[in-house]
Every structure is written in C-alpha cells, then in structure tokens.
Amino acid sequence: MSTALLDQVEAYVRATFPKTEVATVQTYGGEFNTGEMDKVSYSCPAIFLTVLGWQPLHTGHRLSGKYARQVRVAAFVVAKNAKREVRMRQGMALAE
C-alpha cells in the first residue's frame with residue numbers, strides 16, 4: 001500500500017510540472033548527500049521523492065482501520081546554475 005502512495009505522489013508531481021520546467025521527477029531511496037547523489041543520473045532541475053517513514057494512526061483520528069497509516073513524504077529539489085543565489089531561487093520557486 002505504501003508503494004502505491006509513493007507512485008501516486010510521483011505521478012501527481014510529474015503532472016504538475018511540464019518536462020520543460022522540471023526535467024527529472026523520480027523516487028529516491030538513498031541518502032540525500034553529495035556522495036550519494038553523484039552516483040545518480042539525472043537532469044536538472046530535478047525533484048526526488050522519498051518516504052521518510054510511517055506509523056499507525058492513533059485512536060481518535062477520523063481515519064481508522066487496520067491499514068491506516070500516517071506517512072511522511074519529502075521532496076528534494078535540485079537546481080543547477082553557476083551562481084548559488086540563482087540555484088537557491090530556482091529551488092524555492094519549484095518548492096512553492
């Protein structure tokens with residue numbers, strides 16, 4: 001079930017941005033650091049999606065049931081430009 005959720009998030013983000021605006025949208029299961037990202041092939045700007053974790057819902061929430069979970073999903077935005085300020089602004093614009 002959690003993999004289906006991640007697939008739906010990926011499809012939603014991909015549909016939100018045309019490929020001319022965001023070249024790469026994909027799931028990512030590694031650590032998000034320079035050493036790891038150097039091993040991944042992608043075109044910028046890019047959005048990497050991952051699940052940070054999940055836990056069962058506590059009683060008292062509207063959604064309840066055997067398979068109801070609270071899921072934390074993160075999107076990492078990668079931009080490329082010679083100027084750091086421009087990269088920061090590109091990332092901020094995509095994150096909004």
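Nearest approach of Ile47 to Ala75, heavy atoms of both residues: CG2-CB, 4.0 Å. Nearest heavy-atom pair across Gly91 and Val77 is CA-CG1, 3.8 Å. Across all non-hydrogen atoms, the minimal contact from Ser43 to Ala46 is O-CB, 3.6 Å. Between Cys44 and Ala79, the closest heavy-atom pair is SG-C, 4.1 Å.
Between Glu10 and Arg14 there is no salt bridge, since none of the side-chain N atoms of the basic residue sits less than 4.0 Å from a carboxylate O of the acidic one.
When atom types are taken as modelled, the side chain of Thr27 and the backbone of Thr50 share no donor-acceptor pair closer than 3.5 angstrom. A donor-acceptor pair is defined here as one N or O able to donate and one able to accept, closer than 3.5 Å; no such pair exists between the side chain of Arg87 and the backbone of Lys80.
With a 4.5 Å cut-off on side-chain heavy atoms, Val73 and Leu52 do not count as touching. Proximity of Val51 to Val71: side-chain heavy atoms (C-beta onward) are separated by under 4.5 Å at one or more points.
Rounding to the nearest 0.5 Å places CG of Leu94 at 11.5 Å from OG1 of Thr16. Rounding to the nearest 0.5 angstrom, the gap separating the CD atom in Gln90 from the CD atom in Glu85 is 11.0 Å.
Met92 and Val86 are members of different hydrophobic clusters when ILVMFWY side chains are connected at heavy-atom separations under 4.5 Å.
Taking the six-membered ring for Trp and the full ring otherwise, the centers of Phe48 and Phe76 sit at least 6.0 Å from each other.
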Verify side-chain contact (heavy atoms from CB on, under 4.5 Å) between Leu49 and Tyr28, making sure each step is shown before the conclusion. CA-CA 6 Å; Leu49 304 165; Tyr28 184 69; over 6 Å; no
What do the steps show when you test Val40 against Gln26 for side-chain contact (heavy atoms from CB on, under 4.5 Å), and what is the final call? CA-CA 11 Å; Val40 179; Gln26 67 185 52; 3.9 Å; yes
